[in-house]
Number of protein chains: 2
Amino acid sequence: MLEKAALILDCFSPSGGPYRLSELSERTGLPKPTVHRLAADLVRLGWLERSGPRYLLGAKLFELGSLVPHRRDLRETALPFLQDLFEATRETIHLGIREGMEVVYLERIHGHEALRLPSRIGGSLPLTCTAVGKALLAFSGAELTEEVLSHPLPSLTPHSITDPDRLRMALEKIQVSGLSYEEQEAASEVSCIAAPVFAGDTAVAALSVAVPRTRFRPAQLAPAVRTAALGLSRVLRGQGGARIPLSSR
Amino acid sequence: MLEKAALILDCFSPSGGPYRLSELSERTGLPKPTVHRLAADLVRLGWLERSGPRYLLGAKLFELGSLVPHRRDLRETALPFLQDLFEATRETIHLGIREGMEVVYLERIHGHEALRLPSRIGGSLPLTCTAVGKALLAFSGAELTEEVLSHPLPSLTPHSITDPDRLRMALEKIQVSGLSYEEQEAASEVSCIAAPVFAGDTAVAALSVAVPRTRFRPAQLAPAVRTAALGLSRVLRGQGGARIPLSSR
DNA sequence: TCGCGTTGTTCCGTGTCACGGAACAAACAT
DNA sequence: ATGTTTGTTCCGTGACACGGAACAACGCGA
């Protein structure tokens, strides 16, 4: 029952777009009357909304989603640094964390010029295809790197790194320089530079600047990204990662 | 069953903080074994997380919440204007919409100086206690105003407006000037100025600047807020509110 | 205007699985 | 050592989720 409800809600990820009853039925594999009943319940609870024949994710989910502690806290303390970085570069800024073998973006801020990017707040992308992802991967321990390299590498564009050796070299460079680069590996015509945010010697997050390829000037962006990332690291260390003690096991 | 799960999740609003099994049982009024079973299911689905004996809202909710179309679209198109406003003022910026008789905040950005505010992204406050709320209320039709005035006015601080006549006058001023002011009505030592974002002649959103009372200089902030709000209004008009046609009934 | 495919909704008999009291185990306090 | 609170397991009962089938509403092309 809960599981079926979750199936329905998961239909809306990642597109979010409106769906009709029969589409939901088809996508979940659940019979139509079942979806009908469950969807009606979900609407009553505010988890879905309905306008005419179309179902949308509901306001309650936004409310609850905004409260998720890990996300909210990190986003909140990172925000001032993201603003600094935006003000310094006036380009699109990302904040991401690692979740398994993917990046999840917690924040994305930008000005009036909108890049066409696959990244969305709350959405996830392969670690290996983005600057943020590679920054996280490079400082998440050797085991994870091996784990990632043991599968075929996914790609978002023809420029995505699919050769394990190239990736390994790229990660080593990142480990040395503390900076992660990406050129059209996630979206065409977009380049990106990222820096990891540390807690101890592993990365807990990374932030990046995304720029149209034609005006990508890494030398100018590097100090700003690094500064922001280090500043955030320092604040996180200060306030102690242990606001929620992880306790037993 | 769904309803019981919703009860459990609603425990986390607005505090978000971690809860133990017995607290959840008490707050929901559900028997312990029931909560235990449901919570376990919710954890399996990623809607809750569990570290030791504490339950937290889960990552999946963040993911889904970020996709809620109304929120996401408005937030996305508003963001550049919020950035402009932040850059012009370097103060805390809010974006809010009306939901019933409350404001819901879609975005809040700020620099390193953190004001102590009751507003949270995804959270809601009474319309009458905040600059954003009053801006929305002033341009939501006379019926709503009467509806609000027909109940006793809530208050967040001793400065919150609780006198219906005073509120009515304040709203009229807002309707004339297109600007909404608030002084320590939501949080002590904080003043605020807001401007409505229009679709036609009713407000679909409002944005505000919150400032420590001591350095509140309305004359300097007013043009910036108004400019940002009008700019956003224009863009919203341009892209048509009708991306999701409301269709029948 | 009619008919036909599609989509949404209602009905209801069947069987499942959610339910929660009770009993047990583990953690914590004193 | 002993009570107290919290977390977990068990299991018999019955409510209610389930989904096929039949029906209604819509959209579309002729």
Side-chain angles (χ1 to χ4, degrees), chain A residues 1-13 15-58 60-61 64 69-70 242-249, chain B residues 1-13 15-58 60-61 64 69-70 242-249:
Chain A
M1 163 102 226
L2 275 184
E3 193 163 345
K4 292 176 188 173
L7 272 177
I8 292 176
L9 293 179
D10 284 341
C11 286
F12 294 86
S13 170
S15 74
Y19 291 110
R20 319 181 36 127
L21 180 64
S22 39
E23 303 179 69
L24 291 176
S25 167
E26 187 184 11
R27 295 176 59 119
T28 56
L30 299 172
K32 250 190 306 179
T34 301
V35 175
H36 183 261
R37 179 169 34 84
L38 287 178
D41 288 346
L42 292 173
V43 169
R44 265 191 312 103
L45 296 173
W47 296 8
L48 285 184
E49 276 167 28
R50 182 178 175 170
S51 67
R54 314 164 108 89
Y55 290 96
L56 298 163
L57 292 179
K60 188 118 220 167
L61 281 177
L64 288 173
H70 296 311
R243 285 177 58 186
I244 299 156
L246 294 181
S247 79
S248 56
R249 244 183 328 164
Chain B
M1 162 103 228
L2 274 183
E3 193 163 345
K4 293 177 186 172
L7 271 178
I8 292 177
L9 293 179
D10 284 342
C11 286
F12 294 87
S13 169
S15 75
Y19 290 111
R20 318 181 39 127
L21 179 64
S22 39
E23 303 179 69
L24 291 176
S25 167
E26 188 185 11
R27 295 176 59 121
T28 56
L30 298 173
K32 249 191 308 179
T34 302
V35 175
H36 182 260
R37 179 168 35 83
L38 288 178
D41 287 347
L42 291 172
V43 168
R44 266 192 309 104
L45 297 172
W47 296 8
L48 286 183
E49 277 166 26
R50 183 177 174 171
S51 67
R54 313 163 109 88
Y55 291 95
L56 300 162
L57 292 178
K60 188 119 220 169
L61 281 176
L64 288 173
H70 296 312
R243 285 178 57 186
I244 298 155
L246 294 181
S247 79
S248 56
R249 244 184 329 162

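Within every chain, numbering begins at 1; the chains are lettered A, B, ... in the order of the sequence lines, protein sequences first and strands thereafter.
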| Distance (rounded to the nearest 0.5 Å) between A:Glu23 CD and A:Cys11 SG | 9.5 Å
| message | Under 4.0 Å, heavy atom to any atom of DNA chain D: which of residues 35-44 of chain B qualify? | response | B:His36
| task | Please state how far atom CZ in A:Arg54 lies from atom P in D:dC26, giving the value in whole angstrom units. | result | 16 Å
| query | Side chain of A:Met1: nearest nucleotide among D:dC18, C:dC19, D:dT8? | reply | D:dC18
| request: Taking only the side-chain nitrogens and oxygens of A:Thr34, find out if one of them lies under 4.0 Å from OP1 or OP2 of D:dG19. | output: yes
| A:Arg20 vs C:dT7: side-chain N/O to OP1/OP2 distance below 4.0 Å | no
| message | Can you measure A:Leu24 atom CG to C:dT7 atom P for me and round it to whole angstrom units? | response | 12 Å
| Looking for any heavy atom pair under 4.0 Å, which part of the strands does A:Pro33 touch: base, sugar-phosphate only, or nothing? | base
| remark: When rounded to whole Å, the CG to P distance for the pair A:Leu7 and D:dA17 reads 17 Å
| query | How long is the line joining CD of B:Glu23 and P of D:dG7, in whole Å? | reply | 8 Å
| said: For a quick check of understanding: with a heavy-atom distance under 4.0 Å over all strands, which category does A:Lys4 fall into, base, sugar-phosphate or nothing? | reply: sugar-phosphate
| message | Using whole Å, what does the distance between atom C1' of nucleotide D:dA15 and atom CG of B:Leu2 come to? | response | 16 Å
| request: Output the single nucleotide from D:dT8, C:dT9, D:dG19 whose closest atom is nearest the side chain of B:Arg50. | output: D:dT8
| query | Quick one: B:Leu21 CG to D:dT9 P, roughly how many Å, whole number? | reply | 11 Å
| query | Just how far is it from atom CG of B:Leu42 to atom CZ of B:Arg37, taken to the nearest 0.5 Å? | reply | 11.0 Å
| task | Dump the intermediate steps for side-chain contact (heavy atoms from CB on, under 4.5 Å) on B:Leu21 and B:His36, then the final yes or no. | result | CA-CA 7 Å; B:Leu21 179 64; B:His36 182 260; 4.1 Å; yes
| said: Under the criterion side-chain contact (heavy atoms from CB on, under 4.5 Å), I'd like the reasoning laid out for A:Leu56 against A:Leu48: C-alpha separation, chi angles, the key distance, then a yes or no. | reply: CA-CA 6 Å; A:Leu56 298 163; A:Leu48 285 184; over 6 Å; no
| With a 4.0 Å cut-off on heavy atoms, is B:Ser22 in touch with a base, just the backbone sugar-phosphate, or nothing at all? | sugar-phosphate
| query | Rounded to the nearest 0.5 Å, how far apart are CG of B:Leu64 and CG of A:Asp10? | reply | 6.0 Å
| request: Taking the side chain as every heavy atom from C-beta outward, state whether B:Trp47 and A:Leu9 have any pair of such atoms under 4.5 Å apart. | output: yes
| query | Does B:Lys32 make a side-chain donor-acceptor contact with the base of C:dG20, cut-off 3.5 Å? | reply | no
| request: Apply side-chain contact (heavy atoms from CB on, under 4.5 Å) to A:Leu2 and B:Leu38, showing your working. | output: CA-CA 9 Å; A:Leu2 275 184; B:Leu38 288 178; 4.1 Å; yes
| request: Report the distance from atom CG of A:Leu30 to atom P of C:dG8, rounded to the nearest whole Å. | output: 15 Å
| said: If I take atom CD in residue B:Glu26 and atom C1' in nucleotide D:dT5, what distance separates them, rounded to the nearest angstrom? | reply: 12 Å
